[in-house]
Amino acid sequence: MYKKMLVASLLGTTLLSSALMSGAASAETLRIALGSEPTAIDPHYHDLTPNNALAVHIFDGLTRQDEKQNVHPSLASSWENDGKNTWTFKLREGVTFSDGSPFTADDVIFTFCRTLKNETAIAGSFADITANFESVEAPDAQTLVIKTKAPEPLLPSFIGTVGILSSSIVKHDKISFAPEQNCGVTGAWPVVGDFNDGKLAIGTGPYKLKSYVRGSAIELERNDKYWGEAEPWEAVRFLPVPNAGPRLAGLLAGDYDIIENPAARDLSRIKDDKRFGYTITPSTRVIYYQLDVARDESPYVKAADGKNPLKDVRVRQAMSLAIDRNAIVSRLMDGAAEPAYQFLPTGMFGTLPNPPELRYDPAEAKKLLAEAGYPDGFQLTLSTTNDRYINDSQITQAVAQYLTQIGIKSDVDAMTRAIYFPRRSKKELSVAIGGWGSTSGEASSFLRQWPAKPNEEGTLGGSNYGGYSNPAFDKLIYEAVATMDDNKRSELLQQAQTEVMKDYAFIPLHFESGIWAHKANVTYTGRSDQFTMAMSAKPAK
């Protein structure tokens, strides 16, 4: 199969109990305050952590990942590979959807087709997985045989991210994996808005959707038809609270049972309070900037010579040298992060064992700018979310100040993620913040998605918005992702990582840690993928 190495040690967990705590969580309703609100109920709309975390409450995948991103059976009870391109999945028997209809292989085939027919998806989300399928056949109702166009050693990991829909939500004849013939669907393919009222949000997960009011609350109720162990909470309320201060204040006031991403500096307020506890868990999420390195004219760059300075590797290296990563980690992240010198934490599969440190050297940065023909710098706008990553807009403000100090006069354009991500996917930005958590636990996750040259199938390079092109890197990553031998694949990924790092088209900053605070009558298990899930919470004993 394949192997994964994960950084998943718990940095700190405080689990205390108090029978006297007011507003205590009951086994009836769990209230969770989110720092980043999901943008849709549709599980295929956007491959984004908040959306994916919500989706797994309602929709199961064929596999699932635990808090350390180890892969386990879910709707598939087992699977095997022939050593090449063919995977056989045995589906779990006796599973029904929340509407009572039986789960069969046809539902999986319909779901795979829908990812390829989803006109409202952001950046082709999840089609990068299913576009590699040459064929998908069902010898019987509980068996699925997938033949991939290219070998995919990580298919059990990737396939688990695709939430399975019921084929009953559309009109259809016989379902078959034939996208060119519409897969047997005779009605309209569902679009993102069709899911928000709950009518099409039919899944096999532990919860079902009760209501979704954008900007107000998402309410779930326990799915009594769930095939697995019943969850202790009869209902779950997700409440969007973008600012860390009000989230913590709400926890202290008893309005919430769990909050995600409290400011690390604020943990001292609950550290010695027996009414509360907290969990800090290292994650695989790297925060970085993607640069527009392809266009002669970039929309938010202005230089005296009329050119795009970001096309010059010396300018890009100067930008990296201008950033004090250690200061950002200690001052803005309050130590709940690690400086990043590659795109996955050291020690994980396919990473460099001793990556060169990305130094802070403003003097060297100024020298490189002068060599590139910009001794007086140029003007630049950094684009960022203000409600997606921990301290995202503050981090970008700090980076703008660092760049200004070396002569690159930098402004910041901060916006909500609902505006930001569509703009980024349309390539409207010049320097764009990003945050990528590995779904597979190996270095290929970032490398195949962001710097790779896009292929016709859409399985690689789907997020290469900056137009990065390096034939030597592409050769390595294209070979790596199709290599079934673990040792050889790891070597190729290390070479690919080295190749892309030297070009500075993507400038990594740090790896986030996931932080959750909660009432003492609730225990919470943090996850390295940063998913905030009701299934991770249990009543304290």
Side-chain angles (χ1 to χ4, degrees), residues 27-28 30 41-44 52-66 71-79 88-115 126 130 136-146 156 159-177 183-187 189-190 194-212 218-236 533-535:
E28 295 180 354
L30 183 71
I41 301 299
D42 181 353
H44 308 147
N52 296 343
L54 173 64
V56 298
H57 291 78
I58 305 170
F59 307 96
D60 289 313
L62 292 187
T63 64
R64 68 172 183 87
Q65 293 186 2
D66 63 19
V71 178
H72 298 272
S74 184
L75 290 180
S77 56
S78 64
W79 54 88
T88 301
F89 291 83
K90 288 294 183 181
L91 304 184
R92 191 176 298 277
E93 298 183 5
V95 176
T96 61
F97 286 93
S98 58
D99 66 351
S101 60
F103 161 71
T104 70
D106 279 352
D107 300 302
V108 183
I109 295 174
F110 162 70
T111 295
F112 292 164
C113 285
R114 196 266 170 156
T115 64
F126 304 101
T130 52
V136 183
E137 297 179 348
D140 57 64
Q142 305 306 133
T143 304
L144 200 72
V145 180
I146 301 174
I159 207 170
T161 65
V162 182
I164 302 301
L165 305 175
S166 170
S167 59
S168 68
I169 66 175
V170 297
K171 294 179 180 179
H172 63 84
D173 292 329
K174 179 175 175 52
I175 296 291
S176 63
F177 189 75
C183 300
V185 172
T186 57
W189 287 94
D194 295 333
F195 290 83
N196 293 343
D197 63 3
K199 292 180 181 178
L200 299 191
I202 300 170
T204 62
Y207 293 96
K208 54 186 180 180
L209 180 67
K210 182 179 180 182
S211 67
Y212 170 65
I218 301 170
E219 297 192 35
L220 308 179
E221 55 188 2
R222 190 163 54 200
N223 177 13
D224 293 331
K225 295 182 176 66
Y226 180 52
W227 55 269
E229 182 179 349
E231 288 297 309
W233 317 107
E234 291 183 7
V236 179
M533 295 165 43
M535 291 82 81

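Keep in mind it's a predicted model, so treat the numbers as computed, not measured.
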Report summary line: For P190 and R114, the nearest pair of non-hydrogen atoms, with its separation, is O-NH2, 2.9 Å
Query - Donor-acceptor under 3.5 Å (D107 side chain, S166 main chain) - result: no
Query raised in the report: What is the minimum heavy-atom distance between H172 and V185, and which atoms define it?
Result: CB-CA, 3.9 Å
Requested in this report: Identify the two heavy atoms, one from L165 and one from F195, that lie closest to each other, and give their separation to 0.1 Å.
Outcome: CD2-CE2, 3.9 Å
Report task. Rounded to the nearest 0.5 Å, what's the gap from OG on S78 to CZ on F89? Could you check? Result -> 9.5 Å
Query raised in the report: Where do D106 and I175 come nearest, in terms of heavy atoms and distance?
Result: O-CG2, 3.7 Å
Query raised in the report: Is there side-chain contact between M535 and V56, with heavy atoms separated by less than 4.5 Å?
Result: yes
Query - Any side-chain heavy-atom pair of F59 and L54 under 4.5 Å - result: no
**Report entry** Side-chain donor or acceptor of R222 paired with backbone N/O of A230 under 3.5 Å
**Finding:** no
**Report entry** Polar side-chain atom of T63 near backbone of P156 as donor-acceptor pair, under 3.5 Å
**Finding:** yes
Report task. Measure the spacing between CH2 of W189 and CZ of F110 and express it to the nearest 0.5 Å. Result -> 5.5 Å
**Report entry** Pairwise distance NZ(K210) to CD1(I218) - rounded to 0.5 angstrom
**Finding:** 14.5 Å
Query - Non-hydrogen side-chain atoms of K225 and S98 separated by less than 4.5 Å - result: no
Query - Any side-chain donor near an acceptor of the partner, T130 and T115, under 3.5 Å - result: yes
Query - Atom of T143, atom of P139 and distance for their closest heavy-atom approach - result: O-CD, 3.5 Å
Query raised in the report: Just by modelled atom types, is the K171 backbone N or O under 3.5 Å from a matching donor or acceptor in the T186 side chain?
Result: yes
Query - Shortest non-hydrogen contact from F97 toward F103 - result: CE1-CA, 3.7 Å
Query raised in the report: Quick one: does L144's side chain get under 4.5 Å of I146's, heavy atoms only?
Result: yes
**Report entry** Distance (rounded to the nearest 0.5 Å) between I58 CD1 and L220 CG
**Finding:** 5.0 Å
**Report entry** F126 backbone acceptor or donor facing H44 side chain under 3.5 Å
**Finding:** no
Report summary line: Between the CG atom in L75 and the CG atom in L91, the distance rounded to the nearest 0.5 Å is 7.5 Å
Requested in this report: For V236 and Y207, run side chain to side chain contact (heavy atoms under 4.5 Å, CB included): C-alpha distance rounded to whole Å, both residues' side-chain angles, the deciding distance at 0.1 Å, then the answer.
Outcome: CA-CA 9 Å; V236 179; Y207 293 96; 3.7 Å; yes
Query raised in the report: Checking R92 side chain against S74 main chain: does a donor-acceptor pair fall under 3.5 Å?
Result: yes
**Report entry** Expected output: side-chain N223 to main-chain G205 donor-acceptor under 3.5 Å
**Finding:** yes
Query raised in the report: Just by modelled atom types, is the A534 backbone N or O under 3.5 Å from a matching donor or acceptor in the H57 side chain?
Result: yes
Report summary line: Distance col, row T204:OG1 vs Y226:OH, nearest 0.5 angstrom, shows 7.5 Å
Report task. Please list, chain by chain and in numerical order, all residues satisfying ring pair (Phe, Tyr, Trp, His ring centres under 6.0 Å) with W227, sequence neighbours excluded. Result -> none
Query - Presence of salt bridge, K199 and D99, under 4.0 angstrom - result: no
